Each structure stands twice: as C-alpha cells, then as structure tokens.
K.L.:
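Encoded as structure tokens, here's the structure I'll be asking about.
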Amino acid sequence: LKTLSSSHSLAHFKQVHAHILRSTHSPSHSLILKLLSSPSLPYSLSIFSHLPHPLPSLSTPFLRHLSRSSKPEFAFFVYQRLRNEGIPIDRFAFPPLLKAASRVGWLAEGKEIHGFGFKSGFHSDPFVQTGLMVMYVGCGRLPEARLVFDKMSYRDIVAWRIMIDGYCQSELFDDALELFEEMKRANIEADKFVLSSILSACGRAGNLDCGKAIHDYIIQKELVIDAHLRCALVTMYASCGCMDMAQQLYDQMIPKNVVVSTAMVSGYSRHGRVKDARLIFDQMVEKDLVSWSAMISGYAESDQPQEALRLFNELQILGIRPDQVTMLSVISACANLGVLDKAKWIHVYADNNGFGGSLRINNALIDMYAKCGSLERARNVFEKMTSRNVISWTSMINAFAIHGDANNALRYFQKMKEACVEPNGVTFVGVLYACSHAGLVEEGRKIFASMINEHNITPKHEHYGCMVDLFGRANLLREAVEIVETMPFAPNVVIWGSLMSACQIHGETELGEFTAKRVLELEPDHDGALVLLSNIYAKERKWKNVGDLRQLMKERGICKERGCSRIELNNEVHEFLVADRNHKQAYEIYEKLNEVVSRLKLDGYAPNTGCVLVDLEEEEKREVVLWHSEKLALCYGLINGAKDSCIRIVKNLRVCEDCHTFLKLVSKVYRREIVVRDRTRFHHYRDGVCSCRDYW
C-alpha cells in the first residue's frame, strides 16, 4: 500500500501490480481500491474488468473516483458491466453515476439511470434525488430538476443550493430569487454558498433592492462575512452600479483577488467612470485575460477607442493571447475610432490568430469596416462567410444604410427573406433608417406596415423614431407630428429630438420651439434642445432670450458639444477642434486653408454664415465657418497625404451646410476622394458630388 501510494508513474505502478500478482496471498480490499486509482484511467478499467463479481464496496468507490476524473464518461463502462452481469448496485452508486452524466451532458444516459433507480426502489432516497437534480441541472433541464425537487420529502441545504444554482446558471434570476424567499419561509438557514449564488443573481439581474435585502439578512443573522461572501457582495453592488458601497467593501478586502478587482473594473466602466476603473486596474498585482478584457471593453464603450487599442498593444507585448471576448471589444473600439488602416490590421490579426471562422467576429468585422468607411470590405467579409445569421444580414443592411445606399439595403433585405432568415426588430430599424436617409417615404411606409402585418413585430420607440425621422427629413412635418400623437406610448427624448432636428433643417421655428421644450421636460440638461432654442431666438434676433438661455447653461454647467474631427495618417491619429491652433503644423494648416478657400472662390464658393447664430460681425462669422474642425483636418490631409490617396475624416457632429459644399468643391478642384463620417452617416465626396445627394 505504501509503495502504491508513492507511485506517480504508470511504469512504477505496473511493477508493483506485477509483484502483487506473483504473490501467493490474495490482495486485500484496500489494496484493490488503491490499484483501481492508478495514474491511467484505462489501466484502472482493465484491472476492474478482471475482478470477478465485484461487490458494491469496490464498484461504488471506483464509480466515485471515475465521476471526479478527467474522463467521467468511463463510469458508464463500469455501470454497463454491472448491469450486464447482474452485479448488485447499491443506492450510493447513483450519485456518482448521475454526476458523471451531468459533467458530460449525457441526458439520455442520465434518464436511463433515473428509470433504473425508480425500478430499484431508490426514487425517494435523498442521495439519489439530489444526484438526479445535479444531473438535470447539468444537462440544462431545469423543469425536470424542479420536479424532482418538489417531490422530495426532505430538502436539506444542498438541495436548495443545487436548485438555486441551476436557476442562476440558466439566467432565470427571478426564479432563483423566488426560490430563496420560499427557502426562508421554510426556515432553512442559508449558507454562504447559497447567499453567494443569490447575490450573483441580484447583480446579474440588476436588482439592487433585493441585493441590499440579502446584505441586511447577512448582518441580521450575524453571519461571518468571509472573503468568498465579501467578494459576492462587492460584485453584486458593482453590477448594480452602487459603486460607493462596492468600493467600501472592496477596501476592506485584504488581499484583493483578481475576480473581485475585475468586478470593480467592470462596474466602474459600465457606469462611465473609466478613470476609477483604470485606477483599480493599475493597482492589481495579478491580472488575467478577463481583467484585461474588462478594461479594454470599458474604454471601447466609453468613447475612448484609442485607449482601448493602446491597452490591446500592451496585452500583445506581454504575450497574452486574446480570446473572442477581447477581440470583439477591440473590433468595437476600432469601429468607433473609424480609422480604416487600423481596421485592416485588426482584420489580419484576427485571421492570423484563428478567429477568422467565428460568426460573431465576422459580424463585428462587417460593422467595423462599415463604420471605418469601407463598404466594399464590409461586403467582402459578408460574401465570404460560410454561415450567416440574422445579425450578419442586419449588420450588412445597416452598413448600406449608414452609407446612404438605400437600394442595396432594400435588395439585401429581400435576399435575407429569400434565404429564409427571419428579420428582427433591429433589422427593421436598419431598413427604415436607409429609407429615411434616402427620402424613400413610400417604401418606408410599406416596410413599417409589413413589420407589423407580415412579421408580427410590435413597433418600439426606435421604429416610431425612424418613421418620425423619415417624414421629418422629407418635410412631411404634419405626418411626423401625427406619428408622435398616435403612437401607443409616450414619446421619448429621441423621438422628440428627431422631430426637433427636422424643424431645425426646414426652418419650422414655431414647431421647433414646441418640440425643444418637450425635450427639456424629459431631459432638462439636454444641450441640443437648449442650443436649438437659443438658435431660434438668435434667428429672430431675440438676443435677450439668447443671453438668458446661455446664462442658464453656464449656471448648470451645460456646454454645447464642441465639433471635433480626426484623421489618420502614417499610423497616427490627429484630432482637430473648431479654430484649433494646438497642432504642431497649425501654421501650415491655416496657410493651406487660405489657399484652398482662394481656389474654391474661383469656382463660386462663398462661405455660408447662416449656421453661425451668434451676434457677430459678418467677417467674424466667415472666420468661424472657415475654421470648422473638418476643414482643418482636410487641409492637414492635403498637406501630408499622398497625392492620389483618399482623405478619411471622422466628425462627432452633423456636417454643416457650408462644410458640405466646401468638401464637394475640394473633391472636384483638387481631384481627391474624400470620405467623412459624421454623427449619423457617411458622405462620399467625388468629382464635386456627394453620395447623400445633398439629402442629409
């Protein structure tokens, strides 16, 4: 026994086994059990197969050993032999067999064991019932597990824990919380494992009130809050956005493990506090891929794509291989950045590192290329995909929509239906968006009706918002107002905002003032509505009203979002603000701008100062218009880019009328292709014409 216990290699184990076989003494029960736990599972099975008529005292411990091993399915070879040879199986053999079925997801075998247990009279045995619950939960069959649970005459804490864990694993958080309440009514004292599961359910469901109630329960019962439970509490508060409480509990943890630190990073990131997330991240002694992914995702979702990509570069330097979750965050960051060269590099990296066949990655690549201005590359990814789902088709339709290619958006929508892929609500948002930005009013009406009548999709706020936008852009403001008045729920800020924007475009000041006030009722600090009201008063030369509004904005700390444009050249992203003079080439940029304006004036260009709604002299207004951020970015591109290269600019706001005319003329006079992504869509300028056909 001592020699076998110290045998770590199969060769040594076999030598001892051979010595036992040559011995004239019969091996003891304990010696056989030790032989059955050899370093090789197939060798152990071979030994068991040569045992004549093994009793439960041998077979049951061996089944337990196999169920915990790296090959739990081997337990069924033993079970089959016992059944075939009619060798007795006691009630203690059922839990390991059911555990093995659970671990490999063998529902059919698990059901067979369930039936055999029933025939053997063990169906009401608590050990067997608990094993059955484990098997059904492990195979994802929650209703069957609950049926076994409800039939149990006695339920110990283990049974409650298994059922609650099952609901949490299947994301049935309301069922988990309801069962916990039932457990309290049954006067069963929850242990730290049940409480941790319930806290996890509260966090993932975003149920802060319930999470706080569990915390109060822990305090009331004077339970010891160990590291495991404290970790669960921190994660729950962080997931629910209660970061002050999460931080307080986190500060009490010594040491702080990687799991709870990652939960804090995710919590802060999810609620827009990226600096706090980075502080936690930088303080982490140990970081795993999940924590890196959480921080990269935080930057990607907080409109800091350059930081996300910078962090991804650090990850590569450390030699940590990303997984699919990391790659999706990186692709999302690249899409937000809108830089095509970076997008190409990410695509190559994904292919070279084994992500090229992933459906989710390819769907994300379509979106990335579309947002980086290359509709052609987005379509290439789509066409090369061996399998496509509703997200693939929707991403491609959305790509056409934001590039103003409504005809292809509608054509691919038709092809999607012909491929028997059922469109969802998001698909219809993309198709309606395409119609809205191309002025296809009748097609938009038909598609909206088909969504309801043919596809049984109930319109949501975003669908009504698209219809308001469709009618508003087409100057059918009465119909837009009718949609707002007749929709089955109260319009939100986005819908009122769409109508407000339409009024601004078409100079409908009275209705514009009304809609701006509705927006401010829902969101008092909405900068767009306050600026529009200010602009309306400015157009009417009500300078006192303008002053009052601007004073109100100053008191509340509300600023109009500043125009910002970025351009990438030679793997470096350059950002420009309005009238920006901070760039190292500022002098050359403004000299180039003066030269461009002089050349364009020969083609009839005159700065359109109508969008400058401040009390300035006309010459000052012209300067304000000419110093818009996209014009500065364009001139930087003309100075530093290759002569025949496409100039790509990303703008955070809608392109104004003057810049739109300016960019068209530059594309003609300088014979350059220019692609601009503004807040809502792409503009492709070529030979003095824009892809939007001046409808934006």
Side-chain angles (χ1 to χ4, degrees), residues 429 432-441 444-445 448 459-563 610-614 651-657 660 678-681 692 694-696:
V429 170
L432 290 170
Y433 184 95
C435 293
S436 170
H437 283 258
L440 303 177
V441 175
R445 286 187 211 268
F448 186 77
K460 295 182 179 177
H461 274 102
E462 50 265 37
H463 302 106
Y464 284 107
C466 284
M467 293 305 290
V468 169
D469 195 50
L470 174 74
F471 292 131
R473 285 177 186 275
N475 202 12
L476 299 170
L477 294 175
R478 182 171 293 181
E479 293 188 56
V481 169
E482 192 178 324
I483 289 279
V484 173
E485 289 176 343
T486 58
M487 55 191 284
F489 31 69
N492 60 13
V493 170
V494 176
I495 289 173
W496 281 119
S498 292
L499 187 54
M500 181 178 76
S501 296
C503 293
Q504 187 175 13
I505 292 166
H506 298 295
E508 191 65 47
T509 55
E510 189 177 339
L511 183 58
E513 185 177 359
F514 173 79
T515 54
K517 287 176 178 177
R518 298 293 78 74
V519 170
L520 291 170
E521 284 175 6
L522 296 171
E523 198 176 304
D525 292 343
H526 193 288
D527 62 329
L530 288 165
V531 169
L532 176 64
L533 274 179
S534 175
N535 291 349
I536 288 170
Y537 295 143
K539 273 188 175 179
E540 295 173 354
R541 299 195 168 275
K542 296 179 180 178
W543 300 118
K544 184 183 182 304
N545 293 35
V546 173
D548 290 344
L549 271 177
R550 290 188 178 171
Q551 181 61 33
L552 177 68
M553 291 174 73
K554 187 177 179 181
E555 288 170 3
R556 292 185 184 174
I558 304 166
C559 298
K560 178 185 176 182
E561 189 177 357
R562 292 186 72 186
C611 61
V612 182
L613 300 171
V614 287
K651 172 87 186 279
N652 66 329
L653 302 176
R654 181 179 182 269
V655 173
C656 75
E657 289 179 28
H660 195 259
D678 72 6
R679 174 170 275 176
T680 58
R681 62 168 298 151
C692 74
D694 300 337
Y695 189 90
W696 86 105

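Bear in mind the structure is a predicted one, so any value in this text is a computation, not a measurement.
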K.L.:
Examine distances only and state if a side-chain atom of Asp469 and a backbone atom of Tyr433 form a donor-acceptor pair shorter than 3.5 Å.
P.N.:
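Checking the backbone N and O of Tyr433 against the side chain of Asp469, no donor-acceptor pair under 3.5 Å is found.
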K.L.:
How many angstroms lie between CG in Leu499 and CG in Leu477, if you round to the nearest 0.5 Å?
P.N.:
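With rounding to 0.5 Å, CG (Leu499) is 6.5 Å from CG (Leu477).
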K.L.:
Please enumerate all residues that pass salt bridge (charged side-chain N to carboxylate O under 4.0 Å, His left out) together with Glu523, with sequence neighbours excluded.
P.N.:
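Expected list: none.
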K.L.:
Nearest 0.5 angstrom please: Ser498 OG to Glu462 CD, how far?
P.N.:
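One finds 11.5 Å between OG of Ser498 and CD of Glu462.
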K.L.:
Do the side chain of Arg518 and the main chain of Pro491 share a donor and acceptor less than 3.5 angstrom apart?
P.N.:
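Here the side-chain-to-backbone pair does not exist.
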K.L.:
For Lys542 and Ile536, run side chain to side chain contact (heavy atoms under 4.5 Å, CB included): C-alpha distance rounded to whole Å, both residues' side-chain angles, the deciding distance at 0.1 Å, then the answer.
P.N.:
CA-CA 9 Å; Lys542 296 179 180 178; Ile536 288 170; over 6 Å; no
K.L.:
Is the backbone N or O of Lys544 less than 3.5 Å from a side-chain atom of Tyr537, with the two atoms forming a donor-acceptor pair by type?
P.N.:
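It does not hold such a pair.
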K.L.:
Can you tell me how far apart CG (Asn492) and NE2 (His461) are? Round to the nearest 0.5 Å.
P.N.:
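Asn492 CG to His461 NE2: 4.5 Å, rounded to 0.5 Å.
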K.L.:
Using the side chain to side chain contact (heavy atoms under 4.5 Å, CB included) rule, take Phe471 and Arg478 through it: C-alpha gap first, then chi angles, then the decisive distance, then the call.
P.N.:
CA-CA 8 Å; Phe471 292 131; Arg478 182 171 293 181; over 6 Å; no
K.L.:
Which atoms form the tightest heavy-atom contact between His463 and Leu432, and what is the distance?
P.N.:
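Smallest heavy-atom distance, with atoms named: O-CD1, 4.3 Å.
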K.L.:
Rounded to the nearest 0.5 Å, what separation is found between the NZ atom of Lys460 and the SG atom of Cys466?
P.N.:
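Lys460 NZ to Cys466 SG: 13.5 Å, rounded to 0.5 Å.
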K.L.:
Check whether more than 12 heavy atoms from other residues, nucleotides or ligands sit under 6.0 Å from atom CD of Glu510, and answer yes or no.
P.N.:
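12 or below, so no.
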K.L.:
Return the CH2 to CZ distance between Trp543 and Arg550, rounded to the nearest 0.5 Å.
P.N.:
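Output value for this atom pair is 7.5 Å.
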K.L.:
Run the side chain to side chain contact (heavy atoms under 4.5 Å, CB included) test on Met467 and Leu470 for me, step by step, so that the C-alpha distance in whole Å, both residues' side-chain angles and the decisive distance to 0.1 Å come before the verdict.
P.N.:
CA-CA 5 Å; Met467 293 305 290; Leu470 174 74; 3.9 Å; yes
K.L.:
Can a donor-acceptor pair be found, under 3.5 Å and without considering hydrogens, that links the side chain of His506 to the backbone of Leu476?
P.N.:
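The answer is no, because no donor-acceptor pair under 3.5 Å joins these two groups.
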K.L.:
Side chain of Ser534, backbone of Leu530: donor and acceptor closer than 3.5 Å?
P.N.:
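No; zero donor-acceptor contacts below 3.5 Å.
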K.L.:
Output yes when a side-chain donor or acceptor of His526 lies under 3.5 Å from a complementary backbone atom of Glu521, and no otherwise.
P.N.:
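No: the side chain of His526 does not pair with the backbone of Glu521.
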K.L.:
State the CE-CG distance between Met500 and Leu511, to the nearest 0.5 angstrom.
P.N.:
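Between Met500 CE and Leu511 CG, I get 11.5 Å after rounding to 0.5 Å.
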